[in-house]
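Okay, structure first, notes after.
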Number of protein chains: 2
Amino acid sequence: MAECCTPLTTEPLTADQAEVLSRRFKALGDPVRLRLLSLIASHEGGEACVCELTVAFPLSGPTISHHLRVLREAGLIEGQRRGTWIYYRVLPDALQTLSQALHPAAALT
Amino acid sequence: MAECCTPLTTEPLTADQAEVLSRRFKALGDPVRLRLLSLIASHEGGEACVCELTVAFPLSGPTISHHLRVLREAGLIEGQRRGTWIYYRVLPDALQTLSQALHPAAALT
DNA sequence: CCCCTGTTTCGATAGCAGTCGATGCAGACC
DNA sequence: GGTCTGCATCGACTGCTATCGAAACAGGGG
């Protein structure tokens with residue numbers, strides 16, 4: 001699974017580690033997805049309904065659904081159906097993994 | 001310039017902030033670029049020559065040069081010519097900005 | 001049971017991104 | 001000065017991606 005908690009600044013990434021990380025960073029490499037993630041994460045209760053997300057952008061429903069799927073398949077969010085609506089929630093571990101990977105590791109003497 | 005030191009988990013990103021951040025994340029969304037960045041950052045002295053980077057991948061010189069340009073234009077690295085060789089160095093502030101943006105902000109009560 | 005709403009999936013299209021070979025440019029060395 | 005090496009840029013090709021409208025699917029309510 002190539003888990004990586006070591007900052008990429010301390011030692012070179014292996015090809016496998018880079019593959020895993022880049023997959024997630026690529027998911028963040030779109031302004032719409034970044035705002036979707038931010039909307040979900042900062043929403044009350046840590047989760048948001050797709051209907052709330054859709055109205056926040058001048059984009060069609062399928063497009064929002066597509067971006068949510070990209071985020072979901074990158075392991076950054078997960079969805080849960082409750083009755084009529086589907087609620088999305090951020091997976092904090094994924095964010096932390098990325099945040100740690102980018103940590104400048106200023107401790108390099 | 002839409003600087004953002006607030007984690008995207010605490011409040012929704014504006015469109016401008018998302019534009020700036022996504023530009024950098026997109027640059028990280030490729031395994032080759034991620035490994036290039038890691039190679040540069042973890043290299044002795046914090047900088048690496050292009051010639052060392054090129055031989056680390058089964059890719060052509062122009063392709064490596066292209067990826068370095070993407071990283072450079074994203075503000076993640078900078079290059080400096082010294083004699084025959086060009087040395088690239090990581091800009092730590094950029095990494096820290098991204099790392100902070102992704103911080104899970106577990107402090108949300 | 002049928003419809004209505006919310007969400008995803010499908011198919012198509014236009015634009016972007018990764019890769020290469022060829023070429024150009026800047027220093028170094030003879 | 002000519003040439004050789006290191007690196008960047010150019011032009012082209014291929015594959016991926018963002019977006020949409022149309023259609024399918026899932027629950028809820030009449």
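Residue numbers begin at 1 in each chain, while the letters A, B, ... track the order of the sequences.
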Listed partners of B:S99 passing side chain to side chain donor-acceptor pair (under 3.5 Å), at least two apart = A:S99

Tell me, please, the opening and closing nucleotides of DNA chain D, 5' to 3', among those with an atom under 4.0 angstrom from a non-hydrogen atom of chain B.
-> D:dG6 to D:dT9

Listed in order of residue number, which residues of residues 52-74 of chain B have a non-hydrogen atom at under 4.0 Å from DNA chain D?
-> B:P62, B:S65, B:R69

Side chain to side chain donor-acceptor pair (under 3.5 Å) against B:E44, all qualifying residues, sequence neighbours excluded = none

Which pairs pass side-chain hydrogen bond (donor to acceptor under 3.5 Å, both in side chains) with one or both residues in residues 47-64 of chain A, sequence neighbours excluded?
-> A:H43-A:E52, A:E47-A:R82, A:E47-A:R89, A:S60-A:T63

Result for 5'-nearest mapping on DNA chain D, choosing between A:G29 and A:G83, is A:G29

Earlier contact from the 5' end, DNA chain D, for B:I86 and A:V32 = B:I86

Please check if A:V50 and A:I40 belong to a single hydrophobic cluster, counting links between Ile, Leu, Val, Met, Phe, Trp and Tyr side chain heavy atoms closer than 4.5 Å.
-> yes

Contacts of A:E19 meeting side chain to side chain contact (heavy atoms under 4.5 Å, CB included) (sequence neighbours excluded), chain-then-number -> B:P31

Set of residues satisfying side chain to side chain donor-acceptor pair (under 3.5 Å) with respect to B:S22, sequence neighbours excluded | none

Touch class at under 4.0 angstrom, heavy-atom based, for A:R82 against every strand present = nothing

Would you classify A:Y87 as touching base, sugar-phosphate or nothing, given that sugar-phosphate means primed atoms plus P, OP1 and OP2, and contacts are heavy atoms under 4.0 Å?
-> nothing

Excluding B:Y87, membership of its hydrophobic cluster (Ile, Leu, Val, Met, Phe, Trp, Tyr; side-chain heavy atoms within less than 4.5 Å) reads B:W85

Name all residues meeting the ring-ring contact (aromatic ring centres under 6.0 Å, His included) criterion together with B:Y88; count only those two or more places apart in sequence or in a different chain, and write none if there are none.
-> none

Within residues 55-78 of chain A or reaching into it, pairs that qualify as salt bridge (charged side-chain N to carboxylate O under 4.0 Å, His left out) - sequence neighbours excluded | none

Name the first nucleotide and the last nucleotide along DNA chain C (5' to 3') that come under 4.0 Å of a heavy atom in chain A.
-> C:dG6 to C:dT9

Of all residues at least two apart in sequence or in a different chain, which pass the side chain to side chain donor-acceptor pair (under 3.5 Å) check with A:R33?
-> A:H67

